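Step one of this worksheet: look at the structure below.
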Amino acid sequence: MSEWCICSVFALQKVSIIIVIFACVVCKYIIYLSEVQLNETLAHLKTESETLKSKLEEERAKLHDVELHQVAEKVEGLGQFVMKTRRTLKGHGNKVLCMDWCKDKRRIVSSSQDGKVIVWDAFTTNKEHAVTMPCTWVMACAYAPSGCAVACGGLDNKCSVYPLSLDKNENLAAKKKSVAMHTNYLSACSFTNSDMQILTSSGDGTCALWDVESGQLLQSFHGHAADVLCLDLAPSETGNTFVSGGCDKKANVWDMRSGQCIQSFETHESDINSVRYYPSGDAFASGSDDATCRLYDLRADREVAIYSKESIIFGVSSVDFSLSGRLLFGGYNDYTINVWDVLKGTRVSILFGHENRVSTLRVSPDGTAFCTGSWDHTLRIWA
Amino acid sequence: YYLNYFMEKVIVAMQDPDMGMKMRNQRLLITVIPHAMTGHDIITWLIQKYSICEEEALHLGGMLLKYGYIYPLKEPRSIVLHPDETPYRFQTPYFWTSTRWPASELDYAIYLAKKNIRKQGELMEYEKERYSVLHKRINHTWDFVVMQAREQLRASKQRRKADRIVLECQEQAYWLINRPPVCSILLFYTALVYTCVALCLCLQIETCRRALGRNRVKSSICLEGFVKYSEQYQNHDPIMQGCLPSNPWISDDTAHWTMNAEMVPTPTRLRVECWSFSFMELLKDVMGRKEFMTYLEKEFSGENLCFWQACEDIRHGESSKIAEKVEEVYKNFLAPGAARWVNIDSKTMDKTLEGIKRPHRFVMDDAQMHIYFLMKKDSYPRYLKSDLYKNMLAKAIIPQETKKSVFPFMRRQRHSSPSPAQAAAQATEEDGRGKGAGPAGTNSDV
């Protein structure tokens with residue numbers, strides 16, 4: 001019945017054409033007309049959607065006058081890459097599912113399948129805080145910009161904020177604040193520019209913006225046809241957009257103020273597990289179960305590069321750029337990390353070390369290292 | 001639903017302890033059912049209470065039966081009121097049609113599952129049909145249905161036989177009247193699915209239409225942008241180019257972080273260079289912003305940056321403080337004759353003043369954007385050419401690269417740093433009590 005609720009919300013919020021179609025379908029039901037008529041309406045909508053899509057592709061193709069690797073021919077190639085594990089963080093009792101860096105460039109928060117959320121000083125490898133969530137599979141965690149709180153959630157369908165207390169005797173769980181409420185699992189969460197707002201994505205197909213103080217829903221984002229698995233905030237000047245990727249193979253760019261989907265890209269062949277903005281904010285990369293990473297340019301409004309190799313057959317779980325945007329790191333389900341030259345489209349290096357699939361990967365805020373979390377219960381810092 | 005209201009009034013009257021019907025125990029096979037009445041009693045009472053004739057009383061009684069407020073104990077499927085010794089009972093209000101409309105598919109499925117288990121598959125033909133339709137429809141929750149059915153059966157076994165029979169009769173009577181007709185389940189579900197698909201398609205069409213109207217940039221220009229960006233930032237990328245004096249993760253030396261801390265007496269050269277890459281880079285850096293403010297104040301346009309910062313505070317701050325912050329901003333920057341009046345074009349000013357009457361998080365957006373671009377196009381380029389910036393760049397340090405250790409296997413001691421949470425806690429404590437608290441950094445395992 002929750003689908004019915006979502007439908008009603010849609011109808012109230014969106015354009016009149018939707019209200020009209022909705023009313024027609026409901027009226028048809030009331031008059032008990034045959035399935036044939038319902039089919040006809042849908043067929044008409046489908047053809048219109050297909051026609052518009054192909055028209056859009058045509059428009060996009062018109063301005064595509066050169067490929068990325070052609071433009072990059074004049075750029076110097078990259079030499080040998082030596083990156084090693086510099087720290088191994090052991091302490092989780094089960095699969096590590098998510099991690100995030102603190103703005104101080106050395107602390108991280110990580111969450112795992114056994115319900116534990118741990119805050120580490122990755123430099124010294126000391127654990128500073130630990131919280132046990134009431135649910136298992138904590139799939140999302142995020143560090144607050146101030147460094148004073150962490151947010152996490154997963155199978156409990158909620159996103160909770162824990163203020164970090166330095167009193168060793170204080171039970172962090174006591175001060176917990178439930179902020180977001182979804183109707184299915186929480187797949188990703190992120191603070192916006194301050195500690196006061198959280199953006200979440202969920203298995204119920206929606207993303208939502210929440211006010212931390214009151215727990216109020218500020219804006220919801222509808223448009224994905226299946227679970228939303230990841231999101232990333234744009235580093236733009238006006239700071240008003242974010243991108244999300246889902247099981248419907250689509251990556252959508254949203255306006256946080258209006259809740260509208262402003263751009264949509266559908267070129268992946270399977271679930272999109274991770275999306276990350278290029279440092280300038282003009283593009284974003286995505287990693288998917290189809291074993292490819294792709295780069296989408298927002299101004300050109302199209303996919304501009306595919307990072308794949310025949311020898312890579314396992315899906316990508318997470319991606320992130322180096323500080324200059326020249327390198328793209330991808331954590332794969334075959335336990336490896338592949339490093340790609342973003343401009344030339346070639347693979348620069350492959351890193352081994354984890355003993356199970358890499359589930360999460362983030363570059364540190366100052367770009368000095370990146371951290372990976374894996375199903376082998378550990379986190380590694382690479383530099 | 002006035003009909004239900006009136007009927008319920010009658011039923012309540014019938015059950016009145018003084019003026020209502022005389023109840024007695026009725027024998028059903030070998031069990032005694034309490035609180036039952038005969039059809040004859042019902043008719044008699046109705047005639048007496050409402051001063052009506054027998055025909056009318058039969059009709060009224062029949063209605064009460066049809067709508068499920070009373071039910072027969074012996075022939076559950078009969079909906080004709082027999083004015084004889086046929087026993088009837090009042091339906092419990094829990095099962096009144098008015099309180100339970102519309103009958104839930106799930107409840108009906110649970111009821112059928114229970115019956116199926118109890119009677120070991122001996123359901124009526126129409127019940128079998130609905131059971132299989134429901135099984136297909138709500139297949140994903142079927143485990144829940146069976147589990148609930150088992151639970152309810154188990155709980156009912158613990159009741160006294162008389163109660164159990166009563167409950168079964170009540171339930172059966174309810175579902176006889178209220179069973180969702182097969183075609184309506186199908187059509188309802190189909191309509192639901194179609195609506196979802198239709199809405200998804202409509203949203204897609206809307207997004208496509210909007211996307212078609214976008215201004216697109218040629219690929220060559222966009223892609224050239226990536227090349228330029230990567231080139232510009234290459235020296236700043238520690239993974240690509242290394243960092244000075246050394247990468248803390250490799251050398252275990254935190255000098256790099258110390259030198260690039262938020263407020264240092266002398267910043268590094270790379271950091272100051274970065275401020276010239278874009279206006280956003282300058283504003284992102286706390287020190288850069290402070291320098292820019294110093295410059296603006298020299299030019300008597302510091303209020304622009306103050307205004308921008310105040311707007312950021314509104315946009316990203318607590319919801320509860322929005323109204324008061326907007327008021328502050330209006331007083332300080334927008335009101336005629338304000339102390340730090342900002343120069344905004346009249347159209348934006350009018351729109352903003354209108355919006356302030358009903359303050360919300362984004363009410364200052366247009367004004368903030370206007371001032372941001374004013375600073376970006378005008379003050380920022382001049383700042384980069386100013387002596388203030390040039391001097392900063394000249395005195396900025398280029399750290400010496402740390403020589404690799406003579407003994408490469410000797411690991412440096414890794415020092416811990418104060419947690420940001422502690423810094424915040426200390427700040428609030430100092431404000432409150434005027435004395436610091438807490439040790440400097442933690443080194444113990446949790």
Side-chain angles (χ1 to χ4, degrees), chain A residues 3-4 7 10 15 17-18 21 25 29 35 38 42 45 48-49 52-53 56 59 63-66 68 71 75 86 104-105 121 123-124 126-128 130 147-148 164 166 193-194 196 211 213-214 223 225 237 257 261 264 280 282 297 299-301 322-326 343 367-369 381 383, chain B residues 187 190-192 194-209 211-212 214 216-220 222-227 229-230 233-234 236-240 243 247-250 257 280 316-320 362 414 416-417 419-422 424-425 438 442-443 445-446:
Chain A
E3 295 138 349
W4 189 253
C7 291
F10 272 36
V15 206
I17 184 175
I18 295 176
I21 303 276
V25 179
Y29 161 64
E35 230 171 276
L38 289 170
L42 272 191
L45 281 174
E48 194 182 346
S49 174
L52 280 174
K53 268 198 210 160
L56 185 60
E59 287 295 312
L63 291 172
H64 190 58
D65 49 350
V66 70
L68 181 55
V71 173
V75 181
R86 304 290 173 176
D104 75 348
K105 308 156 193 169
D121 176 353
F123 188 71
T124 57
N126 290 330
K127 298 184 204 55
E128 293 194 339
C148 298
L164 294 176
L166 288 145
N193 291 39
S194 75
M196 297 296 135
D211 178 50
E213 197 187 24
S214 60
E237 295 179 295
R257 267 195 67 171
C261 173
S264 185
S280 71
D282 290 329
D297 187 309
R299 292 175 305 170
D301 193 31
S322 70
L323 196 119
S324 65
R326 181 70 192 270
L343 299 178
T368 48
I381 310 283
Chain B
L187 201 69
T190 317
L192 193 67
Y194 276 127
T195 319
C196 290
V197 175
L199 281 165
C200 277
L201 283 172
C202 285
L203 276 174
Q204 255 182 34
I205 290 171
E206 201 194 318
T207 313
C208 268
R209 285 226 180 91
L212 274 169
R214 274 185 84 80
R216 261 172 223 90
V217 182
K218 262 201 300 195
S219 287
S220 46
C222 301
L223 301 177
E224 195 59 51
F226 295 141
V227 174
Y229 189 93
S230 298
Y233 281 86
Q234 185 159 324
H236 298 248
D237 189 340
I239 294 178
M240 293 273 296
C243 60
N247 188 322
W249 299 102
I250 302 175
W257 287 333
M280 196 168 69
H316 297 122
E318 291 112 314
S319 286
S320 54
F362 304 110
R414 296 168 181 169
S416 54
S417 72
S419 159
Q422 176 178 18
T442 54
N443 224 335
D445 273 52
V446 164

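Being a predicted model, the structure only gives us computed values, none of them experimental. Chain naming here is simple, since letters A, B, ... match the order of the sequence lines and numbering starts at 1 in each.
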As an exercise, state the distance from CG of A:N193 to NE2 of B:H316, rounded to the nearest 0.5 Å. 3.5 Å
Let's test your reading of the structure: which of A:G325, A:C261, A:S214 forms the most heavy-atom pairs below 4.5 Å with chain B? A:C261
Taking every heavy-atom pair that is under 4.5 Å apart, which of A:R257, A:H64, A:K53 has the most such pairs with chain B? A:R257
Which one of A:D297, A:L164, A:D104 has the most heavy-atom pairs closer than 4.5 Å to chain B? A:D297
Any residue meeting side-chain hydrogen bond (donor to acceptor under 3.5 Å, both in side chains) with B:Y233, in chain and number order, not counting sequence neighbours: B:E281
Take A:V66 and B:L223 through the side chain to side chain contact (heavy atoms under 4.5 Å, CB included) test and state the conclusion after the steps. CA-CA 8 Å; A:V66 70; B:L223 301 177; 4.1 Å; yes
Which atoms of B:W257 come close to chain A, meaning under 4.5 Å heavy atom to heavy atom: side chain ones, backbone ones, both, or neither? side chain
So, the part of B:Q204 with a heavy atom under 4.5 Å from chain A: the answer is side chain
Under 4.5 Å to a heavy atom of chain B? For A:I381 that would be side chain
Max heavy-atom pair count under 4.5 Å with chain A, selected residue of B:D237, B:L212, B:N247, B:V217: B:D237
Go through the steps to decide whether B:K218 and B:E224 satisfy the test salt bridge (Lys or Arg N to Asp or Glu O under 4.0 Å), and finish with yes or no. CA-CA 10 Å; B:K218 262 201 300 195; B:E224 195 59 51; over 6 Å; no
Give, for atom SG of B:C243 and atom NE2 of B:H236, the distance between the pair rounded to the nearest 0.5 Å. 12.5 Å
Is A:E59 close to A:D301 at the side-chain level, that is, under 4.5 Å between some pair of heavy atoms? no
